[in-house]
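Working notes, beginning with the structure itself.
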Amino acid sequence: MSTDVDVVVVGGGPAGLSAAMRLRERGVSRVVVVEREKVAGGVPRHCVHPGFGMRDLHRLLSGPHYAETMVRRALARGVSLLSATTVTSCDEGGVNVTSARGTQRIDARAVILATGARERPRPARGVPGDRPAGVFTTGQLQQWTYLEGLPVGARALVVGAEHVSFSAILTLRHAGVATVALVTEHQRHQSVTGAGLVARTWGHAPVHSFTRVVEIIGRRRVEKVVLENLMTGRVWSETVDTVVFSGDWIPDHELARRCGIVMDPGTLGPASDALGRTSNANIYAAGNLLHPVESADVVSLWARDVADTVAAELLHRAEGTRPWVTLGIEKPVSWVWPNRIIVGHAPTRLRLHTESFTSARTLQLVSSGHVVAEQRLRRTTPNRSMNVASSFVDALGEASATIRLR
Ligand SMILES: Cc1cc2nc3c(=O)[nH]c(=O)nc-3n(C[C@H](O)[C@H](O)[C@H](O)COP(=O)(O)OP(=O)(O)OC[C@H]3O[C@@H](n4cnc5c(N)ncnc54)[C@H](O)[C@@H]3O)c2cc1C
């Protein structure tokens, strides 16, 4: 493989593969995707259930089938794939990689970071207690079950009650493990309507609201989990040998930080405009790295927009320096994306997360102490993205601005 390319894409998940394919379609000649795993495809590789590809491939596929299809299509379009290779650092002129073959420099005219997101593991959640075996995130559980075929346990507690938490019940069931309950500190689950009912009746797993994990007990293997109801103060324990920490996503942002990119304090991913342009010229970002977590087909479609921008800027050198406004947030808004708005270029979309359930609120855009735009919001659900009309930021001037709920 050449060590001098037009674009290097870091991460061979749905976002990276989709961006790479689009670049080739837009006439960019030398596009390489670097993937640290032996097999490219990203998270869908171990999501053995249907629900992938509706919006981008117009087919309903299982995760592994979707991943294979994306890899096959990328190769057919002339994308070079460098797997079992990790990007260790990057700059505006390319990336440094390491693999079993040693280290290597790949010079590139542009870099797209598409390193995805991960669930916060137990140590990052500050859960006290022993450190026994039997503790997973949903992603780890899926790899363990579907990719490695290893035994999991007999009785599990799922921490979290968002979309992916219900997916964890399916995986546990496939592994022959009973789910005793899902616990969430919020007032109810954060998945689609009816998910809680399905979990309770079909999966025999009630959702305990306002509940936190106080302690994990077990010498070699998990034996018990102590729980507390935050409203009543009631403390009880569940006898389980497996705990799955689900959801609570965080962008896989270490590489982006190492590249010196300005990070957004809300999303914890690179601060970027709607087209994936970061603070560093020639370095772009796509997919769940920008704001966790969207579905695979959504990140794939949005990554095409990033690729269009990269192609235009490479082939036509369209724009010089661009003044932008940083969009801040006030709690309970936990993040907004894009969080950088190029003055005079309204984004095509605006996504927002809140840290709690809210209803009948007004979303305000505040600039220089004045409310410059308002929009009514019926309700928000934590851990779920919601759309805001992009016209909301039309009134943005060159001063910085904050989004808040009133
Ligand atoms: C349990 C679960 C169930 C899901 N179910 C669905 C569903 O039914 N339908 C749906 O549409 N979506 C689903 N999703 C979401 C979907 O998987 C993600 O939206 C999608 O994978 C995000 O794509 P991405 O390319 O941004 O990131 P990823 O898929 O995370 O890909 C990132 C890639 O970057 C690589 N990488 C990271 N760092 C480096 C580095 N330094 N060097 C080289 N490579 C690197 C990683 O190895 C990885 O392959 C599910 C997710 C989970 C966890």
Side-chain angles (χ1 to χ4, degrees), residues 8-20 32-57 59-67 70-71 81-90 95-99 106 111-119 136-143 145-146 158 160 162-172 174 191-192 244-259 269 276 285-303 306 385:
V8 63
V9 180
V10 185
L17 291 170
S18 177
V32 61
V33 174
V34 183
E35 167 56 48
R36 72 179 165 202
E37 303 270 340
K38 284 197 194 102
V39 182
V43 169
R45 284 180 56 233
H46 52 78
C47 293
V48 183
H49 58 81
F52 289 83
M54 280 304 283
R55 297 182 189 85
D56 57 342
L57 303 184
R59 296 159 68 190
L60 188 60
L61 302 173
S62 71
H65 194 180
Y66 176 82
M70 294 293 277
V71 171
L81 191 52
L82 194 59
S83 53
T85 305
T86 300
V87 174
T88 51
S89 62
C90 71
V95 301
N96 295 307
V97 304
T98 180
S99 70
I106 303 176
V111 176
I112 301 179
L113 301 178
T115 51
R118 61 173 180 265
E119 293 155 287
F136 299 87
T137 61
T138 318
Q140 289 165 344
L141 173 76
Q142 289 191 332
Q143 294 191 25
T145 306
Y146 295 125
V158 176
E162 45 187 290
H163 291 325
V164 70
S165 320
F166 292 92
S167 176
I169 302 181
L170 288 178
T171 308
L172 288 165
H174 178 90
S191 187
V192 291
V244 182
F245 286 94
S246 65
D248 195 4
W249 298 90
I250 179 165
D252 245 317
H253 55 196
E254 283 77 10
L255 178 66
R257 284 184 184 282
R258 238 177 286 137
C259 300
N288 280 341
L289 167 67
L290 283 170
H291 57 95
V293 50
E294 303 285 350
S295 62
D297 50 2
V298 167
V299 303
S300 155
L301 289 176
W302 290 3
V306 176
S385 301

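First listed ligand is number 1; within each ligand, the first listed atom is number 1. Here, residue 1 is the first one in the sequence, and each next residue gets the next number.
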Write out the residue and atom name of the closest protein heavy atom to [atom], then the distance separating them to 0.1 Å.
atom                    : answer
atom 51 (C) of ligand 1 : V43 CG1, 3.7 Å
atom 34 (O) of ligand 1 : G11 CA, 3.2 Å
atom 39 (C) of ligand 1 : T115 CG2, 3.8 Å
atom 42 (N) of ligand 1 : V87 N, 3.0 Å
atom 19 (O) of ligand 1 : E294 O, 2.5 Å
atom 21 (O) of ligand 1 : P44 CD, 3.3 Å
atom 22 (C) of ligand 1 : N288 ND2, 3.2 Å
atom 49 (O) of ligand 1 : E35 OE1, 2.7 Å

Any idea which atoms of ligand 1 are less than 4.0 Å away from a heavy-atom of [X]?
X    : answer
S167 : 1 (C), 3 (C)
G13  : 25 (O), 31 (O), 33 (C)
C47  : 2 (C), 3 (C), 4 (C), 52 (C)
V34  : 43 (C), 44 (N)
G42  : 29 (O), 31 (O), 49 (O)
V299 : 22 (C), 23 (O)
V10  : 40 (C), 42 (N)
E37  : 47 (O)

(request) Go through the side-chain N and O atoms of S18 and S300 and say whether any donor and acceptor fall under 3.5 Å apart. (result) yes
(request) Compute whether any side-chain donor of one residue and acceptor of the other, for N96 and T88, lie under 3.5 angstrom apart. (result) no
For the backbone of [Y] and the side chain of [X], can you confirm whether one donor and one acceptor N or O come within less than 3.5 Å of each other?
X    : Y    : value
E119 : W249 : no
E162 : V164 : no
T86  : R36  : no

[X] touching ligand 1 at heavy-atom level, < 4.0 angstrom:
X    : answer
T85  : yes
H49  : yes
W249 : yes

Of the backbone atoms (N, CA, C, O) and the side-chain heavy atoms from C-beta on, which set of [X] has a member under 4.0 Å from an atom of ligand 1: side chain, backbone, both, or neither?
X    : answer
A296 : both
E119 : neither
A286 : neither
V164 : side chain

